[in-house]
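When a ligand or atom number is given, it counts from 1 through the structure's own listing order.
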Amino acid sequence: MTGSTDYAREYAQSLSDPDGYWKSVAQRIEWIAPPTQIRDVSFDTKDFHIRWYADGVLNASVNCLDRHLATRGDRTALIFEPDDPNAEAQRITYRELHARTCRLANALRNLGVRKGDRITIYLPMIPDAVVAMLACARIGAIHSVVFGGFAPQSIADRVADCRSKLIITADEGLRGGKRIALKANVDAALALPGTNSVETVLVVRHTGAAVAMQMPRDRWVDVVVDGQPDTCEPEPMNAEDPLFILYTSGSTGKPKGVLHTTGGYLVYASFTHERVFGLRDDDVFWCTADVGWITGHTYIVYGPLANGATVVVFEGVPNHPDHSRFWRVIDKHQVTIFYTAPTAIRALMREGDAPVKAASRKSLRLLGTVGEPINPEAWRWYHDVVGDARCPVVDTWWQTETGGALITPPIGIDAKPGSAMKPFFGVQPALVDAEGRLLEGEATGNLVLLDSWPGQMRTVYGDHQRFIDTYFRAYPGMYFTGDGCRRDADGDYWITGRVDDVINVSGHRIGTAEVESALVSHAKVAEAAVVGFPHDIKGQGIYAYVTLIAGETESDALRAELIAHVRHEIGPIATPDHLQWAPGLPKTRSGKIMRRILRKIAEDVPDQLGDTSTLADPSVVDSLVRNRRGA
Ligand code: WTA
């Protein structure tokens, strides 16, 4: 098979001469000063550093916009499909996107924003979100996009952590016909402690709803950009200058600010976007992620726009007004590459084939998935029904931390349903056992990466030690992904899911510690332990065990109140699916909660609890098993 020979040859070359390989790949983007230094990496915790293209100078927005003006200025950059299917779609050319970005960038500079300042973006999936990100990149400000589904406390935590100077939001968002009070959420966030770094709130007029404007802090975007020139001098950025921060959940504590820098990230985003999807010039690329997640950053904004591609920006949801929505949008905009999450595929599969058949989907030529393991049944349905058995499926494994796809089926190779298949060029995955011994051949273990790639995160914002401790301490000299994985006899990789205390709910990462701290922030809760459990549609669901403070009474009303409290503190994505009263939690004699046992109870496999002899009080387990799900 030529696909596999071509892949094997290029992969071998990428490892035998990484400097030569990544030097030549870097030529795909436009540099103000091309890099002469390529790779400078040590995963050794005593001499830790990750630098790529360290003497290169560039601007990401120039690569995504200006660079295309001469050759494809009139090409559509964004196709905006609004939430309401009867509202008019918009097509925005590269020339228009450039002008809009420059106007906002000028306005930001006028408001005192300078290189290195942090800007929080809390917007719906509308073109203004892309404009806001690129405007920050243009002037060297570091954007931190916060998903529009997060609650005020989560916004406040993220604003406080990076000391944002300015927030860009909208009056409201729309999702499936429902209005989301974005500006009101920002107001509530800014009333919380730790947020006094914010000087200005820019508000996009989206639904036109009346919102409270607090002068002089709050300004309408259309007013501040009015009269701004539609060109703007780009800030020259060193390759290792930060491009953005994106908060993601880990196994402990508050979400961490994953920091990506400019040169390596942009090279990796654009290169993977072309090679993972086999991009062609006439493609219409649709990634259904939200720009609030890394998938949106890399495969809606930076990768596709650096490649001069046409991308769909979709504000809506897959099940509104009906379950044909995705497939009709594909027909309407003649989408050729469609990239979505397994959870959406499973939810739509449940509705049967008819909603899919209501659209022709003839324009499609490639399908992709990301965010969580895809079960073979869902993969087959996606391939056979959505893709009419004629479109390859690429199951792309990666993380916020990795910047772009790392394990993915090479174009031209038949993928196995449920397997992410092979490492991308330059990427060296390996499996280790609990002691860190490398496993050879067919094996199951913890997934690590033996060497760096240009899109790798560089630090946890404001806490470099946490970066080193989280990813490089468990297995010295290697990056630990937090995922479990199996490698089959052909050397193909099958990701099995997180092995740490991160839950993957519908492709969204949620730290058990975050949900626990939301629960214990309620006055009636003494202690809480949260685990994931298998869920047919979401992949994993959230299962909470709660101990009330003495004197409080368990009731269905209180259960509902606690679930609502978590939604209110973090956002709807963190809503517990089950909340079980736990008069006691299984703890070791040193007081550590044994989550392994709680996971088995949540999974309803009480015969697999394993050794409980080290528990301080083994009887709490019997009581939890008896009262599973509060039954
Ligand atoms: C999981 C999303 C199996 C994995 C890009 C990883 C996957 C976490 C896949 C990162 C896949 C992502 N197959 N599991 N194709 N893609 N994951 O940071 O557990 O939101 O560690 O990045 O999602 O989630 P994140």
Review point. Which atoms from ligand 1 have a heavy atom of Asn504 less than 4.0 Å away?
Key: 1 (C), 23 (O)
Point to revise | Aromatic ring pairing Phe150/Phe147, orientation class (parallel under 30°, perpendicular over 60°, tilted between) | key: perpendicular
Point to revise | Check: Asp6 side chain, Gly3 main-chain N or O, donor-acceptor pair, under 3.5 Å | key: no
Check your understanding: Nearest to atom 19 (O) of ligand 1, what protein heavy atom do you find, and at what distance?
Key -> Asp483 OD1, 2.6 Å
Review point. Between the side chain of Ser419 and the main-chain N/O of Met421, is any donor-acceptor distance below 3.5 Å?
Key: yes
Exercise for review: Give yes or no for whether the N/O distance cutoff of 3.5 Å, strictly under, is met between Thr369 and ligand 1.
Suggested key: no
Check your understanding: Between His260 and Tyr265, how do the two ring planes meet: parallel, tilted or perpendicular, split at 30° and 60°?
Key -> tilted
Exercise for review: Using a 4.0 Å heavy-atom threshold (strictly under), name the region of Ile374 that reaches ligand 1: side chain, backbone, both or neither.
Suggested key: neither
Point to revise | Among Val284, Val335, Leu78, side chain to side chain contact (heavy atoms under 4.5 Å, CB included) partner for Val311 | key: Leu78
Practice item. Identify which of Arg509, His508, Gln399, Glu401 has a heavy atom lying nearest to atom 24 (O) of ligand 1. Key: Arg509
Practice item. Check whether the side chains of Tyr479 and Gln456 place a donor and an acceptor atom closer than 3.5 Å, and report yes or no. Key: no
Exercise for review: List the closest protein heavy-atom neighbour of atom 10 (C) of ligand 1: residue, atom name, distance to the nearest 0.1 Å.
Suggested key: Trp398 O, 3.5 Å
Practice item. State the atoms of ligand 1, each with its element, that fall below the 4.0 Å cut-off from a heavy-atom position in Ile495. Key: 3 (C), 14 (N)
Practice item. Could you tell me whether the side chains of Tyr247 and Asp157 share a donor-acceptor contact shorter than 3.5 Å? Key: no
Check your understanding: Which part of Val502 is near ligand 1, with near meaning a heavy atom under 4.0 Å away: side chain, backbone, both or neither?
Key -> neither
Exercise for review: Start with the C-alpha distance between His297 and His143, add both sets of side-chain angles, then the distance that settles ring-ring contact (aromatic ring centres under 6.0 Å, His included), and finish with yes or no.
Suggested key: CA-CA 11 Å; His297 280 58; His143 59 70; 5.5 Å; yes
Revision key, fill the gap. Taking only non-hydrogen atoms of Val370 and a 4.0 Å limit, the atoms of ligand 1 in range are 5 (C)
Review point. What class does the angle between the rings of Phe533 and His535 fall in, given that below 30° is parallel, 30 to 60° is tilted and above 60° is perpendicular?
Key: perpendicular
Study note, to complete from the structure: atom 18 (O) of ligand 1: closest protein heavy atom, distance to 0.1 Å, is Thr400 OG1, 2.5 Å
Check your understanding: Taking the inter-plane angle between the rings of Phe424 and Tyr268 on a 0 to 90° scale, is it parallel (under 30°), tilted (30 to 60°) or perpendicular (over 60°)?
Key -> perpendicular
Exercise for review: Please indicate whether any nitrogen or oxygen in Thr295 is less than 3.5 Å from any nitrogen or oxygen in ligand 1.
Suggested key: no
Check your understanding: Which of the numbered atoms in ligand 1 are below 4.0 angstrom from a heavy atom of Thr396?
Key -> 9 (C), 11 (C), 15 (N), 16 (N)
Review point. Between Gly371 and ligand 1, does any nitrogen or oxygen pair lie at a separation below 3.5 Å?
Key: yes
Study note, to complete from the structure: Nearest non-hydrogen protein atom to atom 13 (N) of ligand 1, with distance, is Glu372 O, 3.3 Å
Check your understanding: Is the closest N or O pair between Asp395 and ligand 1 shorter than 3.5 Å?
Key -> yes
